[in-house]
Amino acid sequence: MPSSTSSSDNAYPAVKTSFFDPEHVERPVPERSWRVIVLIAAIATAVLMIGWETYWRGKEYIAGDYKNTAALWTVQRNKATGDATVLIGSSRMLFDIDLDIWEEMTGVRPIQLSLEGTSPRIFLTDLANDEAFHGTVIVGLMAPLFFTTDGGLRAEVLKYRREESPSQRWDHQLSLFLERYFAFTDEQTRPKRQMTHAPLPLRDGMNPLFDPRKLEVMTADRNTEMWSRVVNDEVFREEARAQWEIALKLFAPPPNPDGSPPAPMPDVVIDGVIAEVQADIKKIRARGGDVAFARMPYGGAFTPAEDFGFPRERFWDRLLAKTETVGVTWHDHEELQGYELPEWSHLSASEAERFTRAFVPIFAKVMEEAEDPK
Amino acid sequence: MLFNSLTFVVFFAVVVALHNAPFSWRIKKFNLLLASYLFYAAWNPPFVILLWISTLVDWNAAKWIHQSTDEARRRFFLILSLATNLGILGFFKYGGFLLENFQALMAAVGVDYQPAAWNIVLPIGISFYTFQTMAYSLDVYLRRAAPAKSLLDFSLFVTFFPQLVAGPIVRPSQLIPQFAEPKIATRPQFYWGLGLITIGLFEKIVLADSFLAPAVDGAFGAGGGLAPLDAWTGVLAFSGQIFFDFSGYSTIAIGTALCLGFALPNNFRFPYAAIGFSDFWRRWHISLSTWLRDYLYIPIGGSKKGPVRTYINLAITMLLGGLWHGASWTFVVWGGLHGLYLAGERILREITPQQKWFSGWPFKFAMALITYFLVNITWVFFRAGSFGEASMMLASMFGLAKDPQKVLYLNAIIPALLVIGGMVLTHWLMRSTTKEAVIAKTPGWVIASVWTFMLFMLIITQGSDSAFIYFQF
């Protein structure tokens with residue numbers, strides 16, 4: 001006889017039997033050698049997991065590479081109080097500034113809040129509205145993102161931070177523990193991602209999918225560097241470049257119906273963005289903090305898109321002038337030029353170290369001059 | 001707390017350890033009660049107060065109903081209980097909806113009414129536990145059962161964590177007696193409970209979230225006319241996603257309870273093998289459909305007051321069943337369509353003379369496919385965010401959309417259709433049996449292999465970031 005548990009074991013003091021028989025819940029258990037089955041399944045799963053972990057390590061995935069989640073970002077955002085130095089921007093700010101080098105050179109470890117594909121304007125507003133923050137914000141500016149959107153790929157992190165539940169916080173801590181020891185925990189190894197990237201033919205009339213593969217390796221405090229495979233694997237690197245070409249086509253303003261190039265962004269729109277930024281800067285300065293801007297190197301297909309689509313006089317220079325802020329752009333300093341950009345948009349890990357060493361003194365000097373114009 | 005989270009793994013291990021520790025039964029029940037409050041508070045601590053209000057009001061109302069011989073007093077206490085539960089539900093779930101419709105009504109008569117924004121967070125699972133506690137007061141009022149003897153047992157009935165936030169909606173008579181005496185799972189129960197948890201997690205994390213969600217999100221998120229293949233893939237994938245998501249939750253709930261030695265009722269019986277809609281509702285969300293039948297359809301007259309009243313009662317039940325799911329007219333239409341289907345089926349049964357070939361499998365299979373097709377039409381309204389979106393999707397499915405776009409890549413279409421094909425076939429093969437019966441006949445090495453596969457897929461898929469769809473109800 002199969003064993004079972006049932007709710008009818010004890011009499012609920014029923015006054016009258018129901019028309020519907022909800023009294024009895026039968027929960028039969030199939031009669032099997034469960035202990036043996038569980039043991040075999042557990043051992044077989046463990047063996048498969050060892051194989052899986054080994055496979056991904058062979059593909060240059062490493063333990064201690066943390067997932068760039070909203071929870072990880074939230075932990076850092078919660079540290080951005082008082083006189084902290086905070087980096088906001090999109091992926092270039094994330095990849096190109098090495099926090100260890102910065103700390104070594106200045107004694108201060110900045111808080112990295114940059115997020116890929118996301119305009120830093122929403123984070124500037126968030127910090128401006130946070131009365132507990134009166135530190136320095138360094139805004140990484142990628143003009144196409146900064147001026148065309150006040151959101152982007154990862155804008156949801158602000159909502160996540162507002163609504164984060166206790167169980168999400170606990171889950172994050174447990175996840176960090178696993179990510180410290182296992183390489184397969186990388187989001188890119190999931191079957192869902194593998195299916196997305198399976199080389200299947202495109203249906204007629206569809207554009208190739210924009211969905212970049214893994215590019216970065218991240219520590220628990222979001223210090224980020226380019227993944228070694230992007231640098232070492234030619235095929236992988238070409239794939240990353242192909243993704244940027246798709247993105248530049250997808251997100252570029254469409255041409256006019258007659259085929260002529262689209263009209264440039266009107267001054268009034270640019271000034272509208274700058275006015276919003278200026279209001280945020282005022283709030284931070286009123287509390288004793290400050291804001292400065294930075295532009296990181298780019299190359300390849302990004303050069304025409306950014307230099308011609310967003311000329312510095314109309315965007316960068318105008319922003320600094322109208323907001324009365326200072327900024328460092330790689331175009332102006334020889335020390336910030338000539339770096340290797342494997343996939344055109346970000347520096348490799350070793351180049352990011354070198355770049356940070358060059359950037360920090362230039363930035364410090366610019367800030368110093370701004371404080372004391374003499 | 002989500003079942004598909006690392007936190008739950010740790011939480012459940014601690015709960016099982018405490019439940020098997022040498023404490024008295026009373027202490028173990030306290031442990032379960034505290035664990036249940038923690039389970040709920042892990043999402044949003046202040047909302048535990050709602051559970052306390054529901055518990056205390058229904059505990060006392062039922063006691064007073066039972067003690068009183070005066071019908072007016074009994075009715076008063078029942079109304080107190082129902083008003084409290086429906087008041088909580090109405091305020092949190094339907095407040096914004098009512099306000100929105102009132103505003104539209106005022107606008108229709110020329111009044112420009114601008115209310116303050118309704119920014120109320122919906123407590124998860126509120127529809128489930130309010131229905132569960134209302135059943136208690138109603139059972140006592142209708143003299144089907146006496147009140148529970150212990151407040152601790154009743155509190156645990158309201159709060160029992162495995163089924164607290166998304167069912168199965170358990171009747172008092174199903175669960176309260178189980179708290180009366182010590183319950184600890186036997187070894188086979190514990191292992192089978194773990195097996196059910198694995199099946200449920202596999203349904204949710206691997207099938208619903210990984211294989212089907214991309215096609216659903218791609219199609220329903222496109223915001224315009226779609227090519228028929230994209231529209232059908234999106235809708236069929238949603239039929240699978242909603243099933244695996246919700247059935248997955250119920251299966252985990254049943255397995256979790258079984259690991260602790262408790263029995264919870266089935267909530268699904270391979271619904272996409274249903275032949276007709278009365279059969280569908282005997283297989284889909286069984287605990288809700290029976291609740292609606294016993295506490296709404298039958299009390300308002302059921303089929304006992306003539307054919308016209310039967311159809312009206314059916315319509316009321318299904319429309320309210322739709323509204324139970326969400327504060328939106330699209331859910332009402334979803335319920336209304338099911339009401340229409342049930343009425344149509346009833347009429348067809350009455351006017352169609354029985355034929356021999358009705359009992360043959362080809363006819364049954366064809367009827368099952370027609371049922372599945374019509375159910376899919378209703379899912380469009382369930383999933384769409386608005387009537388505009390729903391009508392666009394329906395037009396797309398039948399090739400009537402203007403400027404139809406291809407939005408789904410083969411990478412989303414192929415896995416979705418494979419899973420849907422497998423699901424429909426499995427439901428058909430399993431329509432007259434149970435998981436338990438099949439497991440009992442399957443060789444041990446096959447069970448171990450399937451279990452290994454599911455565990456492996458679960459681990460490499462790494463849980464999920466998404467909540468269960470039914471949490472929002």
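What's counted below: heavy atoms across the whole structure, side chains too, no hydrogens, waters or symmetry copies. Quick note on labels: first sequence line is chain A, next is B, and so on, each numbered from 1.
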Would you mind reporting whether [Y] and [X] have side-chain heavy atoms less than 4.5 Å apart?
X: A:Met195; Y: B:Ile414; answer: no
X: A:Arg203; Y: B:Leu408; answer: yes
X: B:Tyr409; Y: A:Met206; answer: yes
X: B:Ile460; Y: A:Met49; answer: yes
X: B:Thr461; Y: A:Lys192; answer: no
X: A:Leu48; Y: B:Thr452; answer: yes

For [X], which atoms come within 4.5 Å of any heavy atom of chain B: side chain, backbone, both, or neither?
X: A:Arg193; value: neither
X: A:Leu178; value: side chain
X: A:Thr45; value: both
X: A:His172; value: neither
X: A:Leu202; value: side chain

Distance-minimising heavy-atom pair for [X] and [Y]:
X: B:Met1; Y: A:Ser167; answer: CA-OG, 4.1 Å
X: B:Gln189; Y: A:Val29; answer: CG-CG2, 3.6 Å
X: A:Ala41; Y: B:Ala448; answer: CB-O, 3.9 Å

Rounding to 0.5 Å, atoms CH2 (B:Trp192) and CD (A:Glu31) come to a distance of 14.0 Å

Measure the CD1-CZ distance between B:Ile447 and A:Arg32 for me, rounded to the nearest 0.5 Å.
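The CD1 atom of B:Ile447 sits 4.0 Å away from the CZ atom of A:Arg32.
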
Max heavy-atom pair count under 4.5 Å with chain A, selected residue of B:Phe8, B:Trp43, B:Phe190:
B:Trp43

Assess the side chains of A:Asp171 and B:Thr7: does a donor N or O sit below 3.5 Å from an acceptor N or O?
yes

Looking at B:Leu264, is its backbone amide N or carbonyl O close enough to the side chain of A:Arg27 to form a donor-acceptor pair, meaning the two atoms are under 3.5 Å apart?
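A pair under 3.5 Å: yes.
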
For A:Trp170, ring pair (Phe, Tyr, Trp, His ring centres under 6.0 Å) partners two or more places apart
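Applying ring pair (Phe, Tyr, Trp, His ring centres under 6.0 Å) to A:Trp170 gives none.
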
Picking from A:Val36, A:Val38, A:Leu39, which has the most non-hydrogen pairs under 4.5 angstrom with chain B?
A:Val38

